[in-house]
Asks: 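This is the structure I want to talk about, given as structure tokens.
Positions are given from 1, in the same order as the sequence printed here. Note that ligands are numbered from 1 as they come in the structure, with each ligand's atoms numbered from 1 the same way.
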Amino acid sequence: MVKTRFAPSPTGKLHVGNVRTALFAYLYAKHTGGKFVLRIEDTDLDRSHSDYIDKLMEDMKWLSLEWDEGPLVGGPEKSYLQSERLDIYKEYAEKLIEDGRAYYCYCTPEEIEAGKKEMEAQGKGPIYNGKCRNLTSAQKRQYEAEGRKPVVRFIAYEEDFSFKDIVKGEVNFPSGMVGDFVILRANGMPVYNYSVVIDDALMGITHVIRADEHLSNTVRQLMIYKALKFKVPEFAHLALVLGPDRQKLSKRHGATSIDEFRKAGYLPEALINYLALLGWSSPDGRELLSKEELISLFDLDRISPSPAIFDIDKLNWVSKHYIINSDSERIYKLALPYIVETGLVATPIDEKKEKFLKAVVEIAKGYCSHLSEIKEHIDYFITDDFEITKEARDVLEKEESKIVLKHFKEALLKEERVVVDSVFTEIAKKIISETNIKGKNFFMPIRAAITGRIHGPEIYYILPVIGKEVAIRRIEKILNS
Ligand code: GLU
């Protein structure tokens with residue numbers, strides 16, 4: 001059975017890059033009927049914070065990336081937080097020492113530096129010189145008497161290593177690139193390259209899917225697998241996610257953390273859909289895919305080895321699709337806080353107001369790529385006191401516009417029916433034939449007078465919601481100004 005994992009270090013918020021990694025691991029596990037594990041790599045005590053653990057789990061749940069094993073849900077392991085597995089790392093480190101594959105090292109940072117220089121002078125890499133490899137018991141006692149706390153160092157194999165990465169293809173590490181490396185720090189905390197192997201092996205991970213910044217780490221990990229006779233998993237290293245300027249995606253590029261997208265009112269399923277396209281494509285070229293479709297189509301062989309470009313316009317395009325096609329009631333509920341934020345509607349909202357706001361959201365949502373944008377599309381539904389844009393003002397100043405508005409006002413005054421699509425078309429036809437003002441010269445002034453802008457929903461969607469009286473009032477205001 002396939003088992004994948006997402007192993008974040010809780011040193012910051014979940015962002016586009018690492019959640020894309022989580023998603024690929026999740027999709028592959030689900031595609032194969034396997035399991036997806038969440039493991040928290042919180043051994044860097046200075047940089048890890050439990051708040052980030054809570055936050056990342058909350059974000060993953062919001063995205064519905066449920067994990068089969070991990071914090072909160074449990075599983076066969078006693079804990080899925082590395083900080084609660086220290087005894088396990090210690091036990092394996094002791095085994096490595098017993099097997100002669102690791103040793104206590106008492107070197108100070110200065111001694112390590114000097115040793116590296118010495119190695120470089122001999123034409124070898126700047127690697128640890130193995131000074132503590134063969135300490136006698138007396139030397140060890142001496143160091144301990146000096147108060148030195150040892151680290152545990154792994155004895156690097158002096159041989160070539162290679163593996164076939166699912167995304168990158170054949171990867172070779174020539175011998176001599178790596179010196180004896182630390183696996184346990186003096187404070188008992190394991191080093192990433194070591195604990196990751198212990199955990200992936202004990203948790204039965206079959207496919208390690210992760211960012212390609214870890215590609216060069218894999219050689220140290222392969223050495224640990226070999227020393228402990230653990231089965232080596234398959235690896236799939238994912239190319240970076242870059243900004244449109246082809247630089248590593250960062251704050252400079254705008255929103256990157258999942259909670260920013262959530263606060264901006266993106267739907268989780270839209271993000272999942274878009275993130276899946278960052279470095280993967282569906283066999284039939286489709287780009288709008290539900291999570292179920294992604295699960296059924298996703299496979300590792302379609303992951304691109306080149307970096308993916310995060311394109312906010314494309315995300316917005318995907319997102320718009322989900323907003324338009326989602327259940328109206330759900331969109332209303334999600335949009336309401338943004339509407340309330342504008343201060344245009346008093347709370348609590350009674351039944352009548354709710355009905356009205358639902359109608360507003362139903363129209364305005366078509367103009368939102370994320371729901372916080374609804375704030376820009378609702379004022380003219382609710383109040384006459386909206387800003388008239390410069391373009392709208394230019395339209396309204398034209399003599400022709402005044403003629404259209406006069407006719408339209410008269411027509412509204414006489415009209416007894418609700419001005420839906422067909423009624424509006426009837427009125428429009430009549431005025432166009434009377435005035436010979438047509439096309440945008442006819443439609444623009446009406447829109448500009450009623451909404452204060454020249455773009456937006458069809459006027460016959462707006463009229464039935466705001467009512468004829470409001471429209472007449474606004475037109476009169478323009479005509480009298
Ligand atoms: N904790 C590592 C990180 O967040 C995990 C790397 C891995 O997946 O092996 O980068």
Asks: Can you give me the closest heavy-atom contact between Ala102 and Val152, atom names plus distance?
Replies: CB-CG1, 3.9 Å
Asks: Centroid-to-centroid, Phe161 to Phe173, below 6.0 Å?
Replies: no
Asks: Does a side-chain N-to-carboxylate-O contact under 4.0 Å join Glu77 and Arg85?
Replies: yes
Asks: Taking Glu66 as the fixed residue, which of Lys291, Lys30, Lys35 is the one that meets the salt bridge (Lys or Arg N to Asp or Glu O under 4.0 Å) rule?
Replies: Lys291
Asks: Protein N/O near ligand 1 N/O, under 3.5 Å, which pairs?
Replies:
| residue | atom | partner | partner atom | Å |
| --- | --- | --- | --- | --- |
| ligand 1 | 1 (N) | Ala7 | O | 2.8 |
| ligand 1 | 1 (N) | Ser9 | OG | 2.8 |
| ligand 1 | 1 (N) | Glu41 | OE1 | 2.7 |
| ligand 1 | 4 (O) | Ser9 | N | 3.4 |
| ligand 1 | 4 (O) | Ser9 | OG | 3.4 |
| ligand 1 | 8 (O) | Arg5 | NH1 | 2.6 |
| ligand 1 | 8 (O) | Arg5 | NH2 | 3.3 |
| ligand 1 | 9 (O) | Arg5 | NH2 | 2.9 |
| ligand 1 | 9 (O) | Tyr192 | OH | 2.6 |
| ligand 1 | 9 (O) | Arg210 | NH1 | 2.9 |
| ligand 1 | 10 (O) | His214 | NE2 | 2.7 |

Asks: Hey, would you say the Phe163 and Phe235 ring centroids sit under 6.0 Å apart?
Replies: yes
Asks: Between Glu159 and Lys226, does any NZ, NE, NH1 or NH2 come within less than 4.0 Å of an OD or OE carboxylate oxygen?
Replies: yes
